[in-house]
Amino acid sequence: MNFERHRRLRRTEFMRDMVRETKVSKDDLIYPIFVVESDDIKAEVPSMKGVFQISLNRLHEELEEVKAKGIKSVIFFGIPDEKDPEGHGAYHDHGVVQEACRISKKLYPEILVILDTCLCEYTDHGHCGLIDPKTQDVDNDSSLPLLVRTAVSQAKAGADIIAPSNMMDGFVAEIRKGLDDNGYSHIPIMSYGIKYASKFYGPFRDAADSTPSFGDRRTYQMDPANRLEAQRELASDLEEGCDMMIVKPALSYLDIIRDVRNETNIPVVAYNVSGEYAMTRTAVDMGLLDEAVIMEQMVSMKRAGANMIITYFAKDICRMLDEGME
C-alpha cells in the first residue's frame, strides 16, 4: 500500500512529547491581580470564580502563592477608594497600583511587575480618558498628558513594564517621550495597541469596577470585524516605540495574533480575557468540558504566534504543568 504513515510519530506518549511543536511553560504566563485600597479585603469576583479583589494589606498572601507556583510575571489593576472625572488616582505617586508595585518589589523583587496604564478604573464615568463636555466623547489629546503622568508615576514606583491600555491615538509616542524625559528610557512599553471593542470584557469590568456610566468604548477600541485595521495600529505603535504588542481578546482573535507575529519580530502577548476565562471556568466546573481544555486554549495562542499570555488561569496552568500536562 502506498501512503504516508503519519501515525508513526503519534504512537506513544513519549514519541508525541518528543515531536511536539508548541509548548506552554510557566515563563509564558502573566497573572492579573486586582488590588483595592480598602483594608482587609479578599473578595471573590462574582463573575470570575477563583479571581479575587485583594486589599494592599493582604497582597502579600497572593504574592506568596504566585511565587510558590512559579509564576514570574504579574500585572496589577487598581480599584481606588475614590474616583473623579479626571481619574486622579491613576497618576498619584501613592496610588493603589503604585503601592502594589512597591509591596511586590519589597517582598519578591525577582517577580516582574507590569502596571496597566489607563484611567478607566479611576474615573467616575468609567471611560479611558477625559470627557469632552460638548461631544460627550473621550477627548483624545487632552487625555494624553494624564496618561503620561500615570506611566511616569508607575515607573517611579518600580514597574518593570508599562502597559498602556487606553487606545488613545498617539499614546505610545507620548508615553515613550514622557518616560525618556524623566529618566526611564530603560522601561519597556507593552502596548495594548490592538484592543477590540469586545463583549468578552464584561467580567473584568465587574472585577475592576470600570463599566462606563454612559455610552461605550467603540470610538476608541477597535471594531471586531476589522483585520487590516490591526495592521495599521501595529505599524503606528512600532513607529512610536512600543517594545511588545498585546492582542486583546485572544481566542476569537487568533488570526490577528498570527498576523502580528508575521508582521513583526517584537514579542507578542495574547490577553486571555475575563469573558474567555469565565465561560471556560464555568464549563469545566459544570463537567461540560475536561480541564485539559484550558491547556488546549493556551497552546492555540502560542501556536498562533504569542510569546506570552496574560491569563487568569495562570495558577491552574502551573499546577497542570507540575502534574505533567502539556
Quick check: closest heavy atoms across [X] and [Y], and the distance to 0.1 Å?
X	Y	value
Leu179	Ala155	CD2-CB, 3.9 Å
Cys101	Ala159	SG-N, 3.4 Å
Asp169	Asn140	N-OD1, 2.8 Å
Met301	Leu251	CE-CD2, 3.6 Å
Val268	Gly305	CB-O, 4.0 Å

Non-hydrogen side-chain atoms of [X] and [Y] separated by less than 4.5 Å:
X	Y	value
Asp132	Asp137	no
Leu119	Leu147	yes
Asp116	Glu121	yes
Arg10	Val19	no
Ile189	Pro164	yes
Ile131	Pro85	no
Met167	Cys128	no
Pro188	Met244	yes

Backbone N/O of [Y] and side chain of [X]: donor-acceptor pair under 3.5 Å:
X	Y	result
Arg11	Arg16	no
Tyr91	Val148	no
His127	Pro212	no
Glu233	Ile194	no
Asp84	His88	yes
Asn166	Cys118	no
Asp139	Ser142	yes
Lys195	Ser165	yes
Glu44	Phe52	no
Lys72	Leu112	no

Say you draw a straight line from [atom1] of [X] to [atom2] of [Y]; how long is it, rounded to the nearest 0.5 Å?
X	Y	atom1	atom2	value
Tyr271	Ile30	OH	CD1	10.0 Å
Asn272	Gln297	CG	CD	6.5 Å
Asn57	Glu61	CG	CD	8.5 Å
Ile114	Thr117	CD1	OG1	10.5 Å
Met320	Ile317	CE	CD1	5.5 Å
Ile246	Met190	CD1	CE	5.5 Å

| said: The test is side-chain contact (heavy atoms from CB on, under 4.5 Å); show your working for Glu276 and Thr311 and say whether it passes. | reply: CA-CA 9 Å; Glu276 297 169 341; Thr311 179; over 6 Å; no
Ionic contact status for [Y] with [X], cut-off 4.0 Å:
X	Y	value
Arg102	Glu99	yes
Asp216	Arg218	yes
Lys67	Glu110	yes
Arg258	Asp255	no
Lys105	Asp160	yes
Lys177	Asp180	no
Glu62	Arg58	no

| side-chain contact (heavy atoms from CB on, under 4.5 Å) between Arg319 and Asp316, worked out | CA-CA 5 Å; Arg319 172 180 51 79; Asp316 300 273; 3.6 Å; yes
| message | Cation-pi check for Phe204 against Lys248: NZ or CZ below 6.0 Å from the six-membered ring centre and within 45 degrees of the axis, yes or no? | response | yes
Mark yes when over 12 heavy atoms from residues, nucleotides or ligands other than [X] sit less than 6.0 Å from its [atom1]; otherwise mark no.
X	atom1	value
Glu296	CD	no
Glu13	CD	no
Lys26	NZ	yes
Glu64	CD	no

| task | Kindly indicate, with the supporting measurements, whether the criterion salt bridge (Lys or Arg N to Asp or Glu O under 4.0 Å) is fulfilled by Asp243 and Arg176. | result | CA-CA 10 Å; Asp243 301 281; Arg176 181 72 276 160; 3.7 Å; yes
| said: Set out, in order, the CA-CA distance, both residues' side-chain angles and the distance that settles side-chain contact (heavy atoms from CB on, under 4.5 Å) for Leu234 and Asp259, then state yes or no. | reply: CA-CA 10 Å; Leu234 172 65; Asp259 285 344; over 6 Å; no
| request: Identify which one of Gln98, Arg149, Lys156 satisfies the side-chain hydrogen bond (donor to acceptor under 3.5 Å, both in side chains) criterion when paired with Asp93. | output: Lys156
| request: Please write out which residues are connected to Met1 in a hydrophobic cluster, directly or through intermediates, given that two of Ile, Leu, Val, Met, Phe, Trp, Tyr count as joined at side-chain heavy-atom separations below 4.5 angstrom. | output: Phe3
| Derivation and outcome, side-chain contact (heavy atoms from CB on, under 4.5 Å), residues Cys318 and Ile71 | CA-CA 7 Å; Cys318 287; Ile71 298 169; 3.6 Å; yes
